[in-house]
Number of protein chains: 2
Amino acid sequence: MTGESITTPGTATDEAPPPSTADLLLVAAASAFRRKGYAETTTRELGSAVGIAGASLYYHYKTKEDILYGLCQESLRRLTERVAPLAELSDSIDDLQAVIEAHVGTILRDRDMHATMLVEMRSLSDERRNHVIERRDSYETLIRGVVARVQAAGGLRADLSARDLTRALLSMLNWTIFWYREDGELTIEELATQLGSLFLEGAATR
Amino acid sequence: MTGESITTPGTATDEAPPPSTADLLLVAAASAFRRKGYAETTTRELGSAVGIAGASLYYHYKTKEDILYGLCQESLRRLTERVAPLAELSDSIDDLQAVIEAHVGTILRDRDMHATMLVEMRSLSDERRNHVIERRDSYETLIRGVVARVQAAGGLRADLSARDLTRALLSMLNWTIFWYREDGELTIEELATQLGSLFLEGAATR
DNA sequence: GTCTATATTGTGATAGAC
DNA sequence: GTCTATCACAATATAGAC
């Protein structure tokens with residue numbers, strides 16, 4: 001897995017290397033797994049999506065499950081990589097808003113991959129699933145740290161625990177993977193701002 | 001499908017009829033579909049869960065997909081049945097809070113079934129999936145009606161559309177199917193109250 | 001690095017006895 | 001209503017040629 005190259009190529013710079021077939025397979029798999037589910041997607045479909053035979057996939061990956069596992073790992077690597085710098089030591093409402101926007105932006109910009117991690121995780125072997133769950137829990141702990149510090153600083157209400165606040169927050173943010181459309185009326189940034197504002201200020205008039 | 005008998009039997013009254021095998025199969029299927037997914041669950045597992053052979057299931061249902069479809073239909077029937085009476089004509093914050101509690105209570109009390117509807121819907125045939133999506137959209141329209149009326153009455157902020165408010169609300173509520181545990185520290189009622197309060201009043205200190 | 005051919009296993013569903 | 005036996009097919013994965 002060559003790091004960043006899984007992403008859809010942006011505005012190509014001069015020496016952007018062409019994505020490897022292995023990476024193209026990851027992209028195709030994320031798309032198919034999110035739309036149809038892991039078990040419903042055949043290796044032949046995955047191959048066909050990148051222009052090779054189904055069996056040729058086994059030159060790049062040992063098993064179909066390896067692809068799912070790779071996607072889960074990469075999803076959590078990116079989430080942590082992008083959110084952790086913002087989460088460390090942050091303790092203000094504005095810091096939390098930034099974390100919210102980074103989380104939403106990350107999961108929606110590579111929505112196929114992150115949705116696959118969040119919902120197809122269950123198709124992994126026990127050992128691998130436990131490992132992914134551990135990493136996901138670590139990520140949530142990161143967010144809970146921010147929430148707890150803002151709360152300790154008096155910025156968040158104290159009648160709910162940091163754990164409960166964090167769960168409610170991530171619930172609201174994560175379900176967007178099921179309905180957000182790039183071609184809809186909201187950009188990812190607008191949506192993230194909305195959700196942050198709603199979580200912090202609430203929906204009722206003041 | 002004999003209506004209420006899908007539910008786990010509560011404190012049995014005197015003349016409670018024993019659940020039919022067909023209904024037991026629905027319960028077992030909801031549980032398995034939520035834990036492992038529709039495609040990953042075999043007809044042999046479903047039979048075994050109720051003490052019959054896999055093939056015997058075909059006496060009660062024509063296809064495996066019929067069971068999934070039945071669950072989706074029943075999920076939406078119950079949601080609508082329980083929420084609609086509260087939603088009609090309601091226009092106050094308290095009405096909305098009641099709707100929130102009814103929605104959360106319904107999906108979490110029969111979590112297997114509602115989770116199956118929400119996430120396994122995609123495994124239905126195009127025609128059936130479209131029908132389920134239609135009913136789900138109707139249900140969301142019901143909720144959006146409440147939101148819009150409370151908003152028009154001045155109870156909800158007007159800088160976001162009723163549609164956006166409703167989506168954010170249902171996002172926060174629905175993701176609970178992934179993490180709520182009966183044996184956890186929150187009862188369903190406590191959680192519903194928390195989420196309602198958070199959505200309406202927000203997480204920030206006032 | 002990709003192909004075709006195929007081994008192997010598992011699955012949904014049917015037939016017919018009881 | 002449930003069983004056993006089985007059909008028909010689809011799927012993952014491997015072998016070996018190119």
Side-chain angles (χ1 to χ4, degrees), chain A residues 1-2 5-6 17-33 35-72 116 120-129, chain B residues 1-2 5-6 17-33 35-72 116 120-129:
Chain A
M1 206 163 13
T2 32
S5 46
I6 295 174
S20 66
T21 301
D23 284 345
L24 289 176
L25 276 168
L26 283 184
V27 176
S31 167
F33 291 169
R35 283 180 296 104
K36 317 192 6 169
Y38 172 77
E40 291 91 340
T41 303
T42 70
T43 52
R44 287 166 180 82
E45 288 174 306
L46 292 180
S48 157
V50 302
I52 62 178
S56 306
L57 166 166
Y58 290 91
Y59 173 82
H60 302 281
Y61 297 96
K62 197 160 178 355
T63 66
K64 181 184 163 192
E65 199 205 286
D66 280 7
I67 299 182
L68 175 60
Y69 188 54
L71 284 171
C72 291
T116 294
E120 303 300 326
M121 198 195 293
R122 65 179 175 201
S123 295
L124 291 169
S125 69
D126 286 354
E127 191 186 345
R128 283 176 157 182
R129 184 177 54 252
Chain B
M1 207 162 11
T2 33
S5 48
I6 296 174
S20 67
T21 301
D23 283 346
L24 289 176
L25 276 168
L26 282 184
V27 176
S31 167
F33 291 170
R35 284 180 296 106
K36 317 188 10 169
Y38 172 77
E40 290 92 339
T41 303
T42 69
T43 52
R44 286 162 180 83
E45 287 174 304
L46 292 180
S48 158
V50 302
I52 63 177
S56 306
L57 166 165
Y58 290 93
Y59 173 80
H60 303 280
Y61 296 96
K62 197 163 180 353
T63 67
K64 179 184 164 191
E65 198 204 287
D66 280 5
I67 300 182
L68 175 60
Y69 188 53
L71 284 171
C72 291
T116 294
E120 303 301 325
M121 198 196 295
R122 66 179 174 202
S123 295
L124 291 169
S125 69
D126 286 354
E127 192 186 347
R128 285 175 155 184
R129 185 177 53 253

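Predicted, not measured: the structure shown is a model, and the values here were computed from it. Here is the naming used below: chain letters follow the sequence lines, and residue numbers restart at 1 for every chain.
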Checklist entry - Looking at residues at least two apart in the chain, or sitting in another chain, which of them share a salt bridge (Lys or Arg N to Asp or Glu O under 4.0 Å) with R129(A)? => result D126(A)
Checklist outcome for this item: For E65(A), the salt bridge (Lys or Arg N to Asp or Glu O under 4.0 Å) test, sequence neighbours excluded, returns R128(A)
Checklist entry - Within the side chain of Y61(B), is there an N or O that forms a donor-acceptor pair under 3.5 Å with the backbone of A22(B)? => result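 The answer is yes, because a donor-acceptor pair under 3.5 Å joins these two groups.
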Using a 4.5 Å cut-off on heavy atoms from C-beta on, say whether the side chain of [Y] contacts that of [X].
{"X": "D66(A)", "Y": "Y58(A)", "result": "no"}
{"X": "Y38(A)", "Y": "I67(A)", "result": "no"}
{"X": "T63(B)", "Y": "Y69(B)", "result": "no"}

Checklist entry - Can you pull the salt bridge (charged side-chain N to carboxylate O under 4.0 Å, His left out) pairs that have at least one residue in residues 39-50 of chain A, sequence neighbours excluded? => result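 The answer is K36(A)-E45(A).
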Item to check | Members of residues 43-51 of chain B that approach DNA chain C, where some heavy atom sits under 4.0 Å away | outcome: T43(B), R44(B)
Item to check | Terminal contacting nucleotides, 5' and 3', DNA chain C versus chain A (heavy atom, 4.0 Å) | outcome: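 So the contact region on DNA chain C extends dG1(C) to dA5(C).
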Checklist entry - How would you list, by chain and number, every residue that makes a side chain to side chain contact (heavy atoms under 4.5 Å, CB included) with A28(A), sequence neighbours excluded? => result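 So A28(A) forms a side chain to side chain contact (heavy atoms under 4.5 Å, CB included) with A49(A), V50(A).
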Checklist entry - How do E40(A) and K62(A) order along DNA chain D: which one's closest nucleotide is nearer the 5' end? => result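 Counting from the 5' end, the first nearest nucleotide belongs to E40(A).
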